[in-house]
J.: 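Input: one structure, supplied below.
Each chain gets a letter, A, B and so on, in the order its sequence line appears, and its residues count up from 1. Just so we're clear, the structure is a prediction, and the values are computed from it rather than from any experiment.
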Amino acid sequence: LVTYNILLRACAQARQLQKMEELLKKMELGGFQPDIFTFNGILDAHGKVGAFEAMDSTLKNMRKCKVKADFITYNTMIDAYGKAGHIEKMEETLEKMAMANIKPQLSTLNTLLNIYGAAKCVVQMELVLKSMSELGIRPTIITYEVLIKGYGNSKCFDKMQKCLGAMGDAGIRPKISTLNAIMEAYSSNGLFKEAENLLDGNIVVPTSLTYCILYKAYLKNGLNAKADNLLRKMDAAGIVPS
RNA sequence: UUUCACAGCUA
């Protein structure tokens, strides 16, 4: 069974969904009962390409096989609907999850934050955060990074900064990707002063990507002199282009 | 063996 699950995953990664379904039939004919791993993997494969009808029939199949949906099943569906911009379907799924008495997990909430962040739904993000604390779930670095990107998207710079502070208070060290997310937010909104401050970095040591983000923003705004200057600064910081 | 942000390597 594990072998089949691994093979199915290979099909999914290769985007050979056709082969995947064939293999599933074959394993059922061979007397193997697909398990929760099998179904979750298949759901995700369909979800990633927005094949919602296929997802529905997979769910039906699951029921037929008496395999109970778990939180990962729901996470997978929430993510698929959310990424496709079907927010209503996503929230519907969330309700179904509650009705099935399955508690949202950290990853469920991270998924929601990510999707609401991309959709610039700051209000919804706050609601998710509220339920997170009600559930007694602690944010992780993933949560914070998703939040920072989401707030940056919506130009909520104050909230972004607060997040960074909260991260420090929680004893979570920002990573380079955290810094780059903040850089992206400031740069793309023309807040060059703030962006430049990031380079002199009390947060993390910038990498070449950090510089590239700012460079791009300078050029977009016709600040060519500043851009040239930035390259010199990069050089001085000992960053070697790859 | 399955889901969520990013980063790195393959380049």
Side-chain angles (χ1 to χ4, degrees), chain A residues 1-13 17 20 23-24 27 32-50 55 58-59 61-62 65 67-84 90 93-94 96-97 102-119 124-125 128-129 131-132 137-153 160 163-164 167 172-185 203-213 239-242:
Chain A
L1 175 60
V2 172
T3 310
Y4 270 111
N5 284 350
I6 295 172
L7 288 171
L8 286 167
R9 179 165 162 65
C11 294
Q13 281 177 342
L17 300 199
M20 188 178 72
L23 208 57
L24 179 64
M27 79 181 270
F32 289 99
Q33 286 291 336
D35 66 0
I36 185 72
F37 287 85
T38 316
F39 284 121
N40 283 347
I42 288 173
L43 270 178
D44 184 52
H46 287 136
K48 288 248 159 39
V49 298
M55 284 178 79
T58 302
L59 285 173
N61 196 5
M62 249 176 116
C65 295
V67 175
K68 269 202 166 325
D70 65 357
F71 80 91
I72 294 186
T73 314
Y74 285 101
N75 283 359
T76 304
M77 293 197 306
I78 288 169
D79 186 57
Y81 285 130
K83 292 236 170 81
M90 181 183 82
T93 306
L94 202 59
K96 280 190 195 152
M97 185 173 179
I102 296 177
K103 280 206 185 5
Q105 307 292 315
L106 172 66
S107 52
T108 315
L109 301 178
N110 284 346
T111 303
L112 287 170
L113 286 173
N114 181 36
I115 285 156
Y116 285 135
Q124 311 285 359
M125 286 172 72
V128 174
L129 282 179
S131 48
M132 185 177 296
I137 297 176
R138 292 212 168 286
T140 61
I141 184 151
I142 297 187
T143 315
Y144 284 116
E145 214 148 297
V146 170
L147 281 172
I148 286 172
K149 275 207 327 181
Y151 287 143
N153 257 337
M160 210 172 71
C163 227
L164 204 59
M167 231 172 131
I172 296 174
R173 307 195 74 80
K175 294 192 306 178
I176 179 60
S177 47
T178 318
L179 177 70
N180 287 342
I182 299 171
M183 178 58 96
E184 182 72 50
I203 309 179
V204 209
V205 181
T207 63
S208 59
L209 181 58
T210 318
Y211 284 89
C212 288
I213 295 167
I239 291 177
V240 187
S242 61

J.: I'd like a table of atom pairs between the protein and nucleotides 5-7 of chain B - only N or O on both sides, under 3.5 Å - with the distance next to each one.
T.:
residue, atom, partner, partner atom, Å
B:rA5, OP1, A:Lys83, NZ, 3.0
B:rA5, O3', A:Lys149, NZ, 3.2
B:rC6, OP1, A:Lys149, NZ, 2.7
B:rC6, O2', A:Glu145, OE2, 3.2
B:rC6, O2', A:Ser177, OG, 2.8
B:rC6, O2, A:Lys175, NZ, 3.2

J.: To the nearest Å, give me how far apart CD1 (A:Ile102) and P (B:rU2) are.
T.: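 Value for this atom pair: 19 Å.
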J.: In this structure, how many angstroms lie between the C1' atom of B:rU3 and the NE2 atom of A:His46, rounded?
T.: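 For the pair A:His46 NE2 and B:rU3 C1', the rounded distance is 16 Å.
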J.: For B:rU1, does either OP1 or OP2 sit under 4.0 Å from a side-chain N or O belonging to A:Arg9?
T.: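 Indeed not, no polar side-chain atom of A:Arg9 lies that close.
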J.: Please report the shortest heavy-atom distance between A:Cys163 and A:Leu147, naming the atom on each side.
T.: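 Closest approach of A:Cys163 to A:Leu147: SG-CB, 3.6 Å.
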J.: Using the C1' atom in both, what is the distance from B:rA11 to B:rA7, to the nearest Å?
T.: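 Rounded to whole Å, the distance is 16 Å.
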J.: Taking side chain to side chain donor-acceptor pair (under 3.5 Å) as the test, write out the residues that go with A:Tyr151, two or more places apart.
T.: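 Testing A:Tyr151 for side chain to side chain donor-acceptor pair (under 3.5 Å), a comparison that skips the adjacent residues, returns A:Glu126.
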J.: For A:Phe37 and B:rU2, are the ring centres under 5.5 Å apart with planes inclined under 30°?
T.: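 No, A:Phe37 does not stack on the base of B:rU2, since the centre distance and plane angle fail the 5.5 Å and 30° test.
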J.: Whole angstrom is fine here: how far is it from CG in A:Leu7 over to C1' in B:rU2?
T.: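 Between C1' of B:rU2 and CG of A:Leu7: 15 Å.
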J.: Can you find a side chain N or O atom of A:Lys48 that sits less than 4.0 Å from OP1 or OP2 on B:rC4?
T.: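 Answer is yes, contact under 4.0 Å.
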J.: Tell me: CG of A:Leu94 to C1' of B:rC4, nearest whole Å?
T.: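 Atom-to-atom, A:Leu94 to B:rC4, this comes out as 14 Å.
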J.: Please find the pair of heavy atoms, one from A:Val67 and one from A:Pro34, that lie closest to each other, and give the distance.
T.: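 What the structure gives for the nearest pair is CG2-O, 3.6 Å.
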J.: Could I get the full list of ring pair (Phe, Tyr, Trp, His ring centres under 6.0 Å) partners for A:Tyr4, not counting sequence neighbours?
T.: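 A:Tyr4 satisfies ring pair (Phe, Tyr, Trp, His ring centres under 6.0 Å) with A:Phe32 once adjacent residues are dropped.
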J.: Can you name the residues that form a side-chain contact (heavy atoms from CB on, under 4.5 Å) with A:Phe71, not counting sequence neighbours?
T.: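 Partners of A:Phe71 under the side-chain contact (heavy atoms from CB on, under 4.5 Å) test: A:Asn75, A:Met97, A:Ile102, A:Gln105, A:Ser107, A:Thr108.
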J.: In chain order, what residues pass the side chain to side chain donor-acceptor pair (under 3.5 Å) check against A:Asn5, with sequence neighbours excluded?
T.: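 Applying side chain to side chain donor-acceptor pair (under 3.5 Å) to A:Asn5 gives A:Asp35, A:Thr38.
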J.: Taking OH from A:Tyr116 and C1' from B:rC4, how many angstroms apart are they, rounded to a whole number?
T.: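 Interatomic distance, OH of A:Tyr116 to C1' of B:rC4: 15 Å.
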J.: In whole Å, I'd like the distance from the CG atom of A:Leu106 to the P atom of B:rU3.
T.: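 Going from A:Leu106 (CG) to B:rU3 (P), I get 16 Å.
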J.: Rounded to whole angstroms, how far apart are CE on A:Met132 and C1' on B:rC4?
T.: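 Checked: the CE to C1' distance equals 11 Å.
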J.: Rounded off to whole Å, could you give me the CD1-to-P distance for the A:Ile36 and B:rU2 pair?
T.: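 In whole Å, B:rU2 P and A:Ile36 CD1 are 13 Å from each other.
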J.: Which donor-acceptor pairs under 3.5 Å do the side chains of residues 172-182 of chain A make with protein atoms, sequence neighbours left out?
T.:
residue, atom, partner, partner atom, Å
A:Ser177, OG, A:Glu145, OE1, 3.4
A:Ser177, OG, A:Glu145, OE2, 2.6
A:Thr178, OG1, A:Glu145, OE1, 2.8
A:Thr178, OG1, A:Lys175, N, 2.9
A:Thr178, OG1, A:Lys175, O, 3.2
A:Asn180, OD1, A:Thr210, OG1, 2.6

